[in-house]
Each structure stands twice: as structure tokens, then as C-alpha cells.
Amino acid sequence: MEDTELERLFRLYHVPLVRYLTRRLGDRDWAEEVAQETFLRALRQDTLTSERSWLFAVATNMVRDEARKDERRRKHLQLLATEERERELDPPEYGEPDLDRARERALARRAVDSLAEKDRLALLMKEEGLNYTEIAEALGLSVGSIGTTLSRARRRLAESYEMIQADEHRRIGGTHGAS
Amino acid sequence: MEHLDEGIIHTWLDGELSEQAASALEAHARSCEVCSELISEARGLTAASSRILRSLDEVPANVVPLGVESLRRPSAVAGAQPGAPATGAQHRARRAWFRRPQFAAAAALMIVAAGTWRVTRDQSNATIADFAAPVVASEAPAATILDSSALSTATAATDQIAGSARNQVGQVAGAAKTTGPVTPPAPSAKKAEGGATGRAAAEREAAQPTPEQSARERLAHSPVASAADAAAERKASADSAGKGAAQVPSSARAESDSVRLARFMNSPIRLGEVVTTGASASSKTTSVRAELADSAARSEERRVRGENAAALGAARNDSLARRQNQAAAPAAAPLRDAPPVDAAVAQAAGCYDLASLKSTEASLPSRVRLNTSVAREEPLLWYAAQGYPGNTAPIQWVWRIVPESGIQLARVEGDRRVLTVMISGAAATTAARVPCP
């Protein structure tokens with residue numbers, strides 16, 4: 001692949017791919033590394049047909065392969081999750097405290113994690129602008145099933161979020177005022 | 001006709017239904033109340049799920065991608081054989097710590113902090129009051145007491161600060177050139193795209209060097225700025241390609257600071273760019289942008305200082321009076337060397353019942369006393385606070401006033417603020433003021 005072609009791919013897909021992976025992994029550093037690896041693999045391709053679905057599929061598979069690979073990786077993920085939680089409680093040096101936003105992000109993460117893998121990936125890809133054909137190609141599904149998959153994913157995500165949020169409110173209400 | 005399938009509705013809302021099927025669906029929806037409600041519900045679910053997913057984002061828009069050349073590095077290629085994806089550890093090992101963007105951001109901010117501090121120290125008139133005056137002029141009714149000479153004095157002083165800071169930042173950035181690249185080199189492909197590159201523009205500026213241009217030129221040659229130029233060029237190139245227009249001329253760099261500020265707020269992040277909010281009535285800030293948030297926060301610091309003073313009528317008036325009497329009286333000691341206990345701080349100090357706050361933090365005291373003694377000065381003034389009854393040592397509490405937000409309370413362990421809570425203001429349930437014991 002020519003430099004100019006890779007440059008074009010970067011311009012078009014780097015940002016959505018990193019965002020997709022960050023939403024998927026909850027780890028910006030890892031997302032960028034996977035994205036870089038994805039473009040590295042694209043570089044080795046002579047031509048790409050359905051380039052967007054190819055990039056998202058390769059990135060998704062890479063994440064899946066690595067996640068399956070070993071227990072060490074999972075422990076690393078747990079560590080990252082812990083760090084993420086700590087970071088949410090540790091406001092940026094000059095920033096405004098935004099506990100509500102951090103709490104909302106944590107709720108969203110739990111809601112997204114509660115989805116089935118296929119539903120989650122389809123939804124994340126749709127949010128990045130992939131059309132049904134591209135999603136179907138990336139996930140190995142039939143195009144006709146994507147609408148049903150997305151409708152189920154959206155409903156479950158919204159319901160799960162509301163449920164977790166309600167639990168959280170009950171919990172806060174129950175412990176409020178302690179100390 | 002039976003009611004519409006939910007999957008079909010979502011397919012239609014996503015614009016994936018064929019024209020014929022879409023027409024049939026729309027016709028049915030117009031006559032079927034149930035399906036119309038289903039469609040409304042589907043719209044709501046789509047919007048809700050998008051909102052939920054967006055809340056996961058920590059990725060700022062238009063992140064500067066790593067250069068294409070970095071992908072061609074032998075080490076990078078060797079580490080990723082087909083079918084054997086590199087692990088995160090391999091990736092991290094590949095990327096040295098000083099090449100990480102976080103380090104670049106931290107280094108840039110340190111440069112700004114050092115430069116700004118030095119310049120501010122050199123300017124005996126550059127006190128909090130200098131920042132306060134323009135803020136008051138634009139935001140507070142008390143602005144009427146400011147005369148034009150006071151404003152122009154403040155503006156001139158802040159202009160001078162910004163200019164000097166730019167130069168110093170440029171010098172430091174130039175010196176940093178020898179420490180090696182912070183980010184990978186820019187793609188070679190961009191050179192073939194024609195037009196003026198950022199570096200070429202900087203070189204042309206260097207042909208007629210002014211202090212500001214010299215600083216920019218040095219910055220442009222710094223490793224950090226190389227990535228900045230690459231990003232700028234990518235955007236310029238993308239923009240011109242999209243519009244069929246010529247490359248962005250180098251004269252774009254000469255546009256006014258306020259225009260630049262407005263432009264970069266919606267432009268890609270450019271590591272190492274010198275940013276000046278020159279036309280702002282509220283502040284004059286010079287910084288090297290590492291990330292958008294960092295730069296904005298840096299500006300905010302100045303603004304906060306100004307607004308703090310602006311909000312504190314008595315303190316500001318004192319400062320103004322001091323400045324107006326400077327000609328007749330010996331120069332007053334700079335406020336920054338003796339942080340004043342502002343009227344607003346004094347007014348906010350006292351005891352608060354935090355029971356009304358919704359917090360999951362068990363260590364939050366039920367009541368807190370906000371003292372006026374300065375607990376720490378960086379990045380802004382933090383005053384001491386303590387929970388009572390009984391101090392919760394070794395946990396240290398500090399507080400400060402955040403303009404437009406209210407009183408912020410933080411728990412500190414060592415050098416880290418492990419918890420911050422707004423205890424008053426629009427963004428929080430206001431804690432009840434109670435008499436101190």
C-alpha cells in the first residue's frame with residue numbers, strides 16, 4: 001500500500017477506530033495501540049475492499065484474540081479498570097471536578113458491558129457510522145439480521161442503564177449521610 | 001396488516017430500508033397508532049443509546065494520529081507478524097516513555113508553567129489585579145469604576161507578559177530540541193501534496209525575524225512542533241482537498257490571536273503550538289498546547305485568578321486603588337507574593353453541614369469548617385479545611401472558590417487530591433451554612 005493511500009485511511013478512519021476501540025476496551029492507550037497495529041496490517045495489504053469494515057473487523061479480532069490469549073491479560077485489564085476508577089476520583093490538575101460525569105461514565109460502562117458481545121460490537125460500529133453491510137461484513141452476520149441486532153442492543157442498553165442508574169440512586173440514598 | 005417489527009423500524013430509522021419498503025412503512029405508520037408509538041420509542045432508544053455511548057468517550061475529537069513513518073519502523077514491523085498480534089506489553093515496550101504523548105503533554109505544560117512564572121515574576125505590575133481589571137470590565141457591574149487608563153495599563157502589561165512568555169517558551173522549546181523526538185516523525189507522503197508546509201512557513205518567517213517569529217521558528221523546528229505541523233498540514237490538506245481549494249497559505253499564521261483561538265478550539269490538537277488569547281477582555285494567556293483541555297485549563301487559571309478578584313469587590317477595589325496610586329506612592333508588593341485573604345474567601349469561610357450533599361464518599365465529614373489559611377498555592381490557592389467534630393487526620397481537607405461553580409472541597413492524601421466535591425454553587429446541592437462551634 002502506498003503512503004498516500006495509508007495517509008488517506010488514517011485521515012478517514014483513525015479517529016473513529018480509536019473511539020470505537022476506546023468504547024470497547026475502556027482503555028485509551030490500548031485502543032491506540034490496537035488501532036496502530038490495525039493500520040500496520042493495512043499497510044501490508046496491496047488493496048483493501050470494504051476498507052472500513054476491514055479495519056473494524058481486524059481491530060475487533062485483534063482485541064478478541066488478545067482477550068482470549070491469557071489470564072495475564074485479563075489481570076492487566078482489571079488493573080487498568082482499577083486505575084480508571086482511581087483516575088475518575090482524581091480530578092485533573094486544573095480541571096473542574098465532575099463527579100457526576102465520572103459516575104455517568106461508570107454507569108455507561110457497566111451498561112455496555114452487560115450487552116452480549118455481538119450486540120455491543122454492532123452498536124459500537126453503528127455509532128461510528130458503519131452501515132449495515134459493513135457491520136455484517138465485520139461481524140460475519142447477515143445484513144438482514146443487523147436491524148434486529150441493533151434494535152435489541154439499543155433497547156437492552158437503555159434498559160440496563162436505567163436499571164443500573166436506579167440501583168445506584170437507591171444505594172446512594174441508603175448510604176448518604178454516613179460519617 | 002400486523003404491526004411493524006422493531007428490527008424493521010430501526011432499519012428504517014437508520015436509513016437502511018429500501019425506498020419502496022420505506023414508503024410502505026411510512027404509509028402504515030401514518031394510519032397505525034401503535035406503530036407510530038413504536039417508531040417514537042425506537043427513536044428514543046436510538047438517541048438514548050447514542051448518549052450512553054458518548055459518555056464513555058475520553059477520546060478528544062481529531063486526535064493527532066501517529067505518523068505513517070512510525071508504522072514503517074523496522075522495529076514496529078518486526079514486532080507484528082501476520083497472525084500474531086503484538087501484545088500490549090510489546091507495544092508499550094516499543095514506545096519509549098519519553099515518546100509517549102502524555103509525557104509530551106506534561107513536558108509542554110511544564111515549559112509553560114516555568115515560562116509564565118518567570119515572566120510574571122519579572123513584571124512587578126502583573127498582579128492579580130491586572131487580571132482582575134479586564135474581567136471586571138466585561139463581567140461585573142463594578143466595571144464602571146475602572147477608567148480607561150487602568151484598562152490600557154492592564155492590557156499593556158498583559159500584552160507584555162504574553163509576548164515575553166512566547167519568547168521564553170520558544171527558547172525553552174528550542175533548547176528541548178536536543179532531547180530527542182517526543183513524537184514520531186511526520187509522514188513523508190505529505191511533502192508530495194504540495195503547498196506551504198508548516199515548517200517551510202516557519203522558515204520563511206525566520207528570514208525576517210522578530211522576537212515572536214523567532215520563537216515560532218524555534219518552536220517549528222522543535223520535535224514537538226514537527227508533529228504539530230504534520231497535524232496542521234493534514235487538516236489543511238484535508239480541508240483543501242474537500243473544498244477543491246488551494247493549500248492554506250502561511251499567512252494564516254498571521255491572523256489575529258482571537259481568530260486563532262476561535263479556530264483552534266474546533267481544530268485538531270497540535271502539540272507544541274503557542275496559543276495566545278490576545279483579544280480576550282478577561283485575560284491574556286500564553287501557553288504551549290499539549291492537549292486542548294490542558295490549554296483551556298491553563299487559560300482558565302488566569303481567568304480564575306481574575307474572576308476571583310473580580311468577584312471580590314473589596315479586594316479588587318483595594319488593588320485598583322493601589323494601582324491608581326502607584327505614581328504617588330511606592331510600588332505595592334505584588335499580590336502574588338502575599339496572597340490576600342479575599343473578601344469572597346472570607347465570606348465563604350465558615351462551617352457547613354454536608355448532610356444534604358449526595359455523596360457516596362464515606363470519608364466525607366458530616367460537617368466541615370473552611371478556614372482562611374492557605375493550605376497550598378498550586379495550581380491555585382487552596383485554603384485549609386477540616387471536618388469536625390474531631391479532625392480526621394491524617395486526611396487533609398482543602399477548599400477553594402471555583403468561579404461560576406462554587407466552593408470546591410477536596411480531600412488530600414500526600415500530594416494527591418483523591419476526592420473533590422462541590423459543596424455550593426449552581427453545579428451542586430448547596431451545603432447548609434451552620435454556626436461554627
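Lettering follows sequence order; numbering is per chain, from 1.
No donor-acceptor distance shorter than 3.5 angstrom exists from the side chain of A:Ser50 to the backbone of A:Ser53, with no hydrogens or angles considered. A:Arg52 places a side-chain N or O within donor-acceptor distance of the main-chain N or O of A:Gly129, the cut-off being under 3.5 Å. For A:Asn61 (side chain) and A:Ala57 (main-chain N/O), a donor-acceptor pair under 3.5 Å exists by modelled atom type. Under a 3.5 Å cut-off, the side chain of A:Arg109 and the backbone N or O of A:Arg23 do form a donor-acceptor pair.
Nearest heavy atoms, A:Leu55 versus A:Ala42: CD2-CB, 4.1 Å.
The interface of residues 8-15 of chain B with chain A, defined by heavy-atom distances below 4.5 Å, comprises B:His10, B:Thr11, B:Asp14.
Atom-to-atom distance recorded for A:Thr22:OG1 and A:Asp29:CG is 9.5 Å, nearest 0.5 angstrom.
Using a 4.5 Å cut-off between heavy atoms, A:Leu123 touches chain B through backbone and side chain atoms alike. Looking at B:Glu16, the atoms closer than 4.5 Å to chain A (heavy atoms on both sides) all sit in the side chain, from C-beta outward.
For the pair A:Trp54/A:Gln45, a side-chain contact is recorded, criterion being any heavy-atom separation below 4.5 Å from C-beta on.
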